[in-house]
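Working notes for the structure below.
Computed from a prediction, not measured in an experiment: that's the story for all the values here. In what follows, chains are A, B, ... by sequence order, proteins preceding strands, each numbered from 1.
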2 protein chains.
Amino acid sequence: MPSRNANPIEQPTVENIDLSSILVALSEPVRLGIVAALASHDGDVACGTFDLPVAKSTSSHHFKVLRESGVMHQYDEGTRRLNRLRRADLDARFPGLLDLIIAEGRQVVVPIIGP
Amino acid sequence: MPSRNANPIEQPTVENIDLSSILVALSEPVRLGIVAALASHDGDVACGTFDLPVAKSTSSHHFKVLRESGVMHQYDEGTRRLNRLRRADLDARFPGLLDLIIAEGRQVVVPIIGP
DNA sequence: CCTGATGTTCGATCAGCGTCGAACACGATG
DNA sequence: CATCGTGTTCGACGCTGATCGAACATCAGG
C-alpha cells in the first residue's frame, strides 16, 4: 500500500547520490533486472507490473533499495506505486553508467506484464 | 606466497568479463579503495604495499575477487605479487566505467606505502 | 641452510542481506 | 460498508560473504 502520510517516500537529492550505494544496489541480480526492464520500457511502470521471481515483500524491499540509492524515483498513483528511472540525474552524476547497465542488464530477462 | 605451479592465477579473458561480477567486486568498500588507489598510482603495485584495514588473509581474498572479476591483472615477481589495472580491457568492454570508479573512489582513502 | 618477507589456504566465526509468510494500510469499486 | 487490488511492514530464517588466526609455501639474502 502506498502509505501516504505514514512512510514518506525518501530518496536522495542529485548531489547526494553516491556511487557506492549505486553499485551495491545494482550488484543484486533481481534489482539489475528491474532497472534494465524499466529502462527498455516507455513510461513509468508499477511495481506489480514486473514479473519477478520473488515474493511480494521481497520485491518491495528491492524497490526500496533502488529508490533510496537514487536509481529510481517513485510516486503513488491511486493504489499503485509507479517507478521512473532517474536518467537525467544519473547521467549528470555518473555519465555513461546507466547506458552500461542497460546494455548489459538486458541479459537478465525481467518480463513486464501488460502496458 | 605467489604459488607458481600450485595455483595458477586465473582471470577472465576480455570478452568473458561480465558487468555483474564487476559490480559485485566493486560494491565492497575495501576493494573499491584498492582499485582507486591503484588507479591513481603509476606502475604496478604489490599486494602488501596497500595499507588496508584488514588482515592479510582478508586482503588476499579481496585481491582474488578483483582478479577473477577481471578488474585487475596479477603476476608474480620474486616473492611479491604485483597488481595492474586492466584499463584497456575495461575501457573496451565498459567504456567510462573505470573513470567513474576512479573519480568517485578517491573518497575511500587507501594509502600506498612506499614506491 | 636458516631466516625473514610476502602471500595463499584452511577452518571457524559473525553479521548482513535476501527471502518468505502473515498482518496491516490505503485506494478503488461495487 | 464490504470487498478486492496493490504495496508496505514485521518478525524469522538461511546462506553467503567478510573477517580473523594459524599454518603453509615460495623466494631472497645472509
Side-chain angles (χ1 to χ4, degrees), chain A residues 1-11 20-21 23-34 44-69 72-84 108 110 112-115, chain B residues 1-11 20-21 23-34 44-69 72-84 108 110 112-115:
Chain A
M1 59 31 166
S3 52
R4 300 224 176 285
N5 37 4
N7 187 18
I9 304 183
E10 297 188 9
Q11 47 191 328
S20 292
S21 305
L23 293 176
V24 169
L26 298 181
S27 62
E28 214 288 329
V30 175
R31 292 195 287 261
L32 184 60
I34 292 177
D44 306 344
V45 180
C47 294
T49 310
F50 295 88
D51 188 21
L52 301 176
V54 294
K56 250 194 323 176
S57 51
T58 305
S59 171
S60 183
H61 165 67
H62 285 316
F63 279 107
K64 183 179 181 181
V65 173
L66 286 172
R67 163 172 41 91
E68 293 184 340
S69 69
M72 53 175 49
H73 166 72
Q74 287 189 317
Y75 62 97
D76 293 336
E77 192 179 271
T79 172
R80 302 188 311 166
R81 178 160 288 187
L82 298 185
N83 302 277
R84 175 182 307 180
V108 187
V110 174
I112 293 185
I113 310 172
Chain B
M1 61 27 170
S3 53
R4 299 223 176 286
N5 36 6
N7 187 17
I9 303 183
E10 297 188 9
Q11 48 191 326
S20 293
S21 305
L23 293 176
V24 170
L26 297 182
S27 62
E28 213 288 330
V30 175
R31 291 195 288 261
L32 185 59
I34 292 176
D44 306 345
V45 180
C47 294
T49 311
F50 295 89
D51 187 22
L52 301 175
V54 293
K56 253 195 320 178
S57 51
T58 304
S59 170
S60 183
H61 164 66
H62 285 316
F63 280 108
K64 183 179 181 183
V65 172
L66 286 172
R67 163 172 40 92
E68 292 183 341
S69 68
M72 52 174 51
H73 166 72
Q74 288 188 316
Y75 63 97
D76 293 335
E77 194 179 89
T79 172
R80 302 188 311 165
R81 179 159 288 187
L82 297 185
N83 302 277
R84 174 183 306 179
V108 188
V110 174
I112 293 185
I113 310 170

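- Between B:Ser60 and the phosphate of C:dT8, there is a side-chain N or O to OP1/OP2 separation shorter than 4.0 Å.
- Going from atom CZ of A:Arg80 over to atom P of C:dA28 covers 11 Å, rounded to whole Å.
- Per the geometry, CG belonging to A:Leu26 stands 12 Å off P belonging to C:dG18, to the nearest Å.
- The shortest non-hydrogen separation linking A:Val54 to A:Val30 is CG1-CG2, 4.4 Å.
- Residue B:Leu66 contributes atom CG, which lies 15 Å from atom P of C:dG7 at whole-angstrom precision.
- Residue B:Arg81 places its side chain closer to C:dT8 than to any other of C:dT6, D:dT9, C:dT8.
- B:Arg80 places no side-chain N or O within 3.5 Å of a backbone atom of B:Cys47 that could act as its donor or acceptor partner.
- Here D:dG5 presents its C1' atom at 14 Å from CG of A:Asp76, a figure rounded to the nearest Å.
- When every heavy atom of A:Arg31 is checked against every heavy atom of A:Val24, the shortest pair comes out as NH2-O, 3.5 Å.
- In this structure, CG of B:Leu52 is placed 14 Å from P of C:dT6, rounded to the nearest angstrom.
- Listed here is the closest heavy atom pair of B:Leu23 and A:Leu26: CD1-O, 3.6 Å.
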Identify the pairs formed between an N or O of the protein and an N or O of nucleotides 19-23 of chain D at a distance under 3.5 Å, and give each distance.
| residue | atom | partner | partner atom | Å |
| --- | --- | --- | --- | --- |
| D:dT19 | OP2 | B:His62 | NE2 | 2.4 |
| D:dC20 | OP2 | B:Ala55 | N | 2.5 |
| D:dC20 | OP2 | B:Thr58 | OG1 | 3.3 |
| D:dG21 | N7 | B:Ser57 | OG | 3.4 |
| D:dG21 | O6 | B:Ser57 | OG | 2.8 |

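- A straight line from CG of A:Leu82 to C1' of C:dG27 spans 14 Å, rounded to a whole angstrom.
- Within the helix from C:dC1-D:dG30 to C:dG30-D:dC1, the inter-axis angle between the opening and closing five-pair segments is 20°, rounded to 10°.
- Between B:Arg81 and B:Arg67, the closest heavy-atom pair is NH1-NH2, 4.2 Å.
- To the nearest angstrom, C1' of D:dA18 lies 13 Å from CD1 of B:Ile34.
- Interatomic distance, CG of A:Asn83 versus OG1 of A:Thr49, reported as 8.5 Å (0.5 Å rounding).
- One can place CG of B:Asn83 at 14 Å from C1' of C:dT8, the figure rounded to the nearest angstrom.
- Between A:Met72 and A:Ile34 there is a side-chain heavy-atom pair separated by less than 4.5 Å.
- Remark: the A:His73 side chain and the A:Arg84 side chain contain no N/O donor-acceptor pair separated by less than 3.5 Å.
- Among all heavy-atom pairs drawn from A:Phe50 and A:Val45, the shortest one is CE1-CG1, 3.5 Å.
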